Amino acid sequence: MPELPEVEHLRRTLTKRIVGRRFESVAVRRREVITTERDPPGGFSRDQSGAAPSRLFTRELLAGDRVATLKRLGKQLAIIGESGRVVCVHLGMTGQLVVIDHNADIGAHAHVVWTVDNGTIMVFRDARRFGGVWTYLHEQSLRETRWNTLGPDALHVTGDELRSVLHRSSRSIKSALLDQHVVAGVGNIYADEALFDACVRPTRRCAAIRAAEFERIGGCVRATLARAVTRGGSSIRDYVDSEGRAGRGQLDHAVYGRGGLACVRCGEPLESGVVASRTTVWCRGCQR
DNA sequence: AGGATAGCCTGCGGGC
DNA sequence: TGCCCGCAGGCTATCC
């Protein structure tokens with residue numbers, strides 16, 4: 001389940017693979033996952049599934065373009081071509097962006113396949129299709145029409161930024177942290193982990209949180225995500241590294257997935273329930 | 001109008 | 001062994 005750390009890890013590894021390389025062509029196997037600036041709200045009008053993709057359409061997907069740079073905001077990744085065109089990828093829950101040999105199996109749910117000029121292909125897969133691909137003619141369009149509604153990136157968010165937006169809000173702090181308009185990049189796992197680190201209960205109303213606590217929450221959000229980035233994204237289940245060792249993901253999680261188990265801080269059983277429509281785990285004793 | 005909730009979508013694991 | 005059900009959850013639309 002990709003959150004900010006997985007997307008940042010993807011950005012770094014993908015940079016080595018495709019920056020400076022040229023996309024020779026692109027194959028669209030499921031048109032619905034793509035939204036172009038020409039598509040009206042609610043669905044696409046042209047280039048319907050089954051129809052041969054237009055030249056304009058494939059160029060919007062960077063066919064014939066060379067990759068200049070990769071940028072990230074929150075959980076979204078922007079692939080920017082030398083032409084200035086942009087492909088923005090959002091992985092949602094089950095999305096993947098992988099670079100593999102052009103002879104390799106593209107796998108199930110492969111919706112878009114780019115052919116790279118060095119014998120590899122880049123594949124966008126997404127079983128549940130909560131993710132997608134958005135194209136823009138300029139980075140400015142991406143920032144003005146899609147990224148403009150996102151809050152500050154979670155790796156850099158400050159307690160002041162959180163407090164100024166939330167200090168009058170009646171919603172729970174967990175619901176606020178999950179809201180990408182408030183802060184971009186926090187998902188269910190790291191929301192619980194950051195709140196545990198900050199000793200703040202997920203159900204606390206934002207309006208009842210003091211400035212010093214907002215500072216602590218901001219600091220813990222940054223630290224939790226930064227630590228996960230250095231480990232290549234810790235929320236990947238079943239992760240096995242190149243030597244076959246199991247990932248350290250579970251060890252990194254103090255509360256997520258540990259409902260009923262002993263709190264790592266006080267030893268009491270962790271509480272589990274639904275907050276903001278999400279499974280949530282916290283410690284009654286440590287978090288106030 | 002802010003905030004809570006339904007629905008989208010598929011894989012997987014538990015129970016029978 | 002196989003089927004069914006519930007759950008996982010980021011985000012948008014919709015309702016209250």
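It should be emphasised that the depicted structure is a prediction, and the values quoted were computed from it without experimental measurement.
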Participant: OP1 or OP2 of C:dG10 less than 4.0 angstrom from a side-chain nitrogen or oxygen of A:Q180, does that happen here?
Facilitator: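 Answer is no, no contact under 4.0 Å.
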Participant: Which of these nucleotides, B:dG3, C:dC11, C:dA8, is closest to any side-chain atom of A:R278?
Facilitator: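 My answer, after comparing the listed nucleotides, is C:dC11.
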Participant: Measure CD1/A:I173 against P/B:dG3 and give the value in whole Å, please.
Facilitator: 12 Å
Participant: Distance check needed: C:dC11 C1' versus A:H181 NE2, whole Å only.
Facilitator: 9 Å
Participant: When you measure from the side chain of A:R171, which nucleotide among C:dA8, B:dA4, C:dG10 comes out closest?
Facilitator: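 Side chain of A:R171 sits closest to B:dA4.
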Participant: Check this for me: does the side-chain of A:R128 come within 3.5 Å of the base of C:dA8 through a donor and an acceptor?
Facilitator: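 Flag set: donor-acceptor pair detected.
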Participant: Of all the choices, B:dG3, C:dG10, B:dT5, which nucleotide is nearest to the side chain of A:S277 once you look at every atom?
Facilitator: B:dT5
Participant: With a 3.5 Å cut-off and just heavy-atom distances, do the side chain of A:R129 and the base of C:dG10 make a donor-acceptor pair?
Facilitator: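 Looking at the base of C:dG10, it does not pair with any donor or acceptor on the side chain of A:R129 (distance under 3.5 Å).
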Participant: Let me know the distance between CG of A:D126 and P of B:dC8, rounded to the nearest Å.
Facilitator: 17 Å
Participant: Scan side-chain atoms only and decide if A:T280 and A:K174 contain a donor-acceptor pair under the 3.5 Å cut-off.
Facilitator: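 Short answer, yes.
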Participant: Atom CH2 of A:W134 to atom C1' of C:dT12: distance rounded to whole Å?
Facilitator: 11 Å
Participant: With no hydrogens and no angle check, just 3.5 Å: does a side-chain donor-acceptor pair link A:S25 and A:T115?
Facilitator: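 Yes, a side-chain donor-acceptor pair sits under 3.5 Å.
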Participant: I want to check one thing: is the phosphate of B:dG3, taken as OP1 and OP2, less than 4.0 Å away from some side-chain N or O of A:S170?
Facilitator: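 Checking B:dG3 against A:S170, a side-chain N or O does come within under 4.0 Å of OP1 or OP2.
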Participant: Within the structure shown, what part of the strands sits under 4.0 Å from A:R168 by heavy-atom distance: base, sugar-phosphate, or nothing?
Facilitator: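 Contact class for A:R168: none.
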Participant: Does a side-chain N or O of A:H90 approach OP1 or OP2 of C:dC11 to a distance below 4.0 Å, or not?
Facilitator: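 Yes, because at least one side-chain N or O of A:H90 sits under 4.0 Å from OP1 or OP2 of C:dC11.
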Participant: Okay, side chain of A:W282, backbone of A:L195: is any donor-acceptor separation there less than 3.5 Å?
Facilitator: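 Such a contact is absent between A:W282 side chain and A:L195 backbone.
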Participant: Taking only the side-chain nitrogens and oxygens of A:Y190, find out if one of them lies under 4.0 Å from OP1 or OP2 of C:dG10.
Facilitator: no
Participant: I'd like to know if the side chain of A:D160 pairs up with that of A:T158 as donor and acceptor (distance under 3.5 Å, no hydrogens or angles considered).
Facilitator: no
Participant: Ignoring the backbone of A:S175, work out which of C:dC11, B:dA4, B:dT10 is nearest its side chain.
Facilitator: B:dA4
Participant: By a 5.5 angstrom centroid cut-off and a 30 degree plane limit, is there stacking between A:F130 and B:dC8?
Facilitator: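 Given the distance and angle limits, yes, they stack.
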Participant: Answer yes or no: does a side-chain N or O of A:S169 lie under 4.0 Å from OP1 or OP2 of B:dG3?
Facilitator: yes
